[in-house]
2 protein chains.
Amino acid sequence: MADSRASDGDSDDMVPAPRRRARVRPEERYAEFVRTAVELFSEEGFEAGTRELAQRLGVTQPLIYRYFPSKDDLIAAVYREIYENRWKSAWRTGLEDESVPIRTRMLAFYTDYSDTIFTPEWLRIYLFAGLRGVDINRRYAGAVEREVLRPIAAAARRAIGLDPADDLLPEEVELFWTLHGGIFYYGVREIVYGFEMPVDRATMIVNAVDTFLGGATAVLRRIQADHAPAGAGLRPKSG
Amino acid sequence: MADSRASDGDSDDMVPAPRRRARVRPEERYAEFVRTAVELFSEEGFEAGTRELAQRLGVTQPLIYRYFPSKDDLIAAVYREIYENRWKSAWRTGLEDESVPIRTRMLAFYTDYSDTIFTPEWLRIYLFAGLRGVDINRRYAGAVEREVLRPIAAAARRAIGLDPADDLLPEEVELFWTLHGGIFYYGVREIVYGFEMPVDRATMIVNAVDTFLGGATAVLRRIQADHAPAGAGLRPKSG
DNA sequence: CGATTTATTTATCGATCGATAATTTCCGGG
DNA sequence: CCCGGAAATTATCGATCGATAAATAAATCG
């Protein structure tokens with residue numbers, strides 16, 4: 001266990017030891033620091049110490065401060081690594097491709113999306129960040145709604161014969177959030193809570209999307225009708 | 001800011017001050033400590049210091065250790081306070097009441113359930129605990145599945161004409177998890193991430209449940225069919 | 001009232017944290 | 001080969017953490 005090299009300033013009575021100090025190009029060091037910080041913070045949260053990070057890297061703790069002015073800057077780099085570098089613009093374009101049935105589009109998206117975010121690093125850091133109150137989650141959820149849910153909702157309108165030109169109603173968007181949250185929470189149970197999942201991801205996604213699409217038509221029509229101007233021709237009264 | 005009383009052992013040059021020390025019955029103190037610890041930990045996580053807890057209570061920090069052998073024992077008391085004392089056995093009995101339509105039962109349950117857990121204390125501590133890796137979340141999710149989701153799934157079977165005697169298939173239970181997770185995640189977005197929610201809880205629940213029930217019948221029948229023994233006529237035999 | 005009990009405070013320890021200054025070692029350019 | 005700059009280390013500071021021992025003050029009981 002006590003590898004002793006790159007340890008803290010404890011007055012160890014170890015022999016001077018062959019402590020070598022491999023020199024690395026700055027950009028490589030920086031990327032290596034961020035990568036290892038993602039791993040460490042995803043496991044232990046942002047309260048994890050810079051000394052443990054240094055130990056995992058095989059370097060001494062003050063070296064971190066040559067590359068990051070403060071720990072908060074390191075954390076900010078971790079955020080960028082995960083939530084900017086792993087977002088795929090193809091998600092939106094795929095969801096907007098009207099040559100493909102909406103069910104196929106949704107299945108393809110949620111398959112790729114879950115493969116991307118259902119990792120300990122992504123999910124745990126996302127939850128840690130949310131509990132810390134940083135604006136990362138707000139911004140990320142805004143992107144999800146703008147780039148994913150609203151395109152899906154607009155496509156669903158066309159599929160069920162509603163006017164796609166109308167602005168999406170909050171209730172409509174919210175309905176797609178519940179599907180999204182249901183799939184997201186599958187990942188939380190699997191990755192964060194470590195449950196044994198007796199149903200594999202692909203099956204879960206198919207069942208969730210089919211259930212949603214099977215029931216969404218009627219609910220979306222009801223939502224639309226409830227917001228339509230009263231007094232018009234036939235009144236699909238709400239239940 | 002520096003209220004100075006109940007402060008740490010810093011050599012302050014303040015005057016002795018009228019430091020009074022109100023004496024409280026032990027059980028009241030204990031309950032007061034747990035209550036305030038729930039509040040503090042839900043805001044700042046379990047890394048919050050015992051000194052801040054003492055400050056909020058208007059007592060000194062070592063007094064905490066007269067009532068809790070260690071900080072972990074205090075945390076355990078916080079878990080009990082939230083996840084045992086706030087569970088309602090009426091949830092299960094209400095869900096199993098077959099004199100009421102399943103839709104009504106589900107709406108009533110999710111209305112009361114969300115009122116119970118959609119608080120910063122409940123949700124934030126739940127997420128903090130999950131990230132810490134304690135078994136609280138495993139046990140709680142097990143209770144949700146046993147006391148809530150499986151009763152709902154069994155009721156849904158009867159409602160759509162499937163054999164309620166058969167054991168529930170994992171895929172069936174998982175489907176109800178997606179609905180549950182979708183509603184749960186609404187609370188996370190509202191309470192933990194602090195989003196402005198343009199759709200109120202009751203409307204979200206009605207739409208989510210109606211969408212689910214509208215699409216679940218076909219999917220549940222498909223699940224059942226896929227697990228039925230091939231070649232037989234109509235055999236609702238359990239696998 | 002005085003004696004006893006105990007809730008509460010004062011004072012402090014050892015460990016750990018983020019961060020900085022000073023020193024040493026590595027490496028490329030002349 | 002040596003020299004200058006930068007990478008990496010050693011050493012350390014001040015703050016904060018959980019926890020403990022000893023002193024003090026409030027309630028209880030005779």
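In what follows, chains carry the letters A, B, and so on, assigned in the order in which the sequence lines appear, proteins first and then strands, with residues in each chain numbered from 1.
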| said: Under 4.0 Å, counting only non-hydrogen atoms across every strand here, what does A:Tyr67 touch: a base, just sugar-phosphate, or nothing? | reply: sugar-phosphate

| task | Quickly work out the A:Leu53 CG to C:dA19 P distance and round it to whole Å. | result | 13 Å

| B:Asp135 side chain vs B:Arg138 backbone, donor-acceptor pair below 3.5 Å | no

| message | Is it the case that the side chain of A:Thr36 and the backbone of A:Phe33 share a donor-acceptor pair, with hydrogens and angles ignored and the cut-off at 3.5 Å? | response | no

| Can you tell me how far C1' of C:dT20 sits from CD of A:Gln61, to the nearest Å? | 10 Å

| To the nearest Å, how far apart are B:Leu74 CG and D:dC17 C1'? | 15 Å

| field | Side chain of A:Pro26 - closest among D:dA7, D:dT10, D:dA19 | value | D:dA7

| said: If I take atom CD in residue A:Glu47 and atom C1' in nucleotide D:dT16, what distance separates them, rounded to the nearest angstrom? | reply: 13 Å

| query | What is the distance, rounded to the nearest whole Å, between atom CD of A:Glu52 and atom P of C:dT16? | reply | 12 Å

| said: Please tell me if B:Thr50 has a side-chain N or O lying less than 4.0 Å from either OP1 or OP2 of D:dG18. | reply: yes

| message | OP1 or OP2 of C:dT8 versus the side-chain N and O atoms of B:Arg29: is any pair under 4.0 Å? | response | yes

| field | side-chain N/O B:Tyr65 vs C:dT8 OP1/OP2, d < 4.0 Å | value | no

| task | Send over the distance from A:Arg51 CZ to D:dT16 C1', rounded to a whole Å. | result | 13 Å

| Counting distance only, does the side-chain N/O of B:Ser42 pair as donor-acceptor with the main-chain N or O of B:Glu39 below 3.5 Å? | yes

| said: Donor-acceptor check, side chain of A:Tyr67 to backbone of A:Glu27, threshold 3.5 angstrom: yes or no? | reply: no

| query | Checking all strands, does B:Pro62 fall into the base, sugar-phosphate, or nothing category for heavy-atom contacts under 4.0 angstrom? | reply | base

| B:Arg92 side chain to B:Pro151 main-chain N or O, any donor-acceptor pair under 3.5 Å? | no

| For the side chain of A:Leu63, counting heavy atoms from C-beta on, which of C:dA7, C:dA19, D:dA8 is nearest? | D:dA8

| query | A:Glu27 CD to D:dA6 P: how many Å, rounded? | reply | 14 Å

| note | Whole-Å distance, B:Ile75 CD1 to D:dG18 P, equals 9 Å

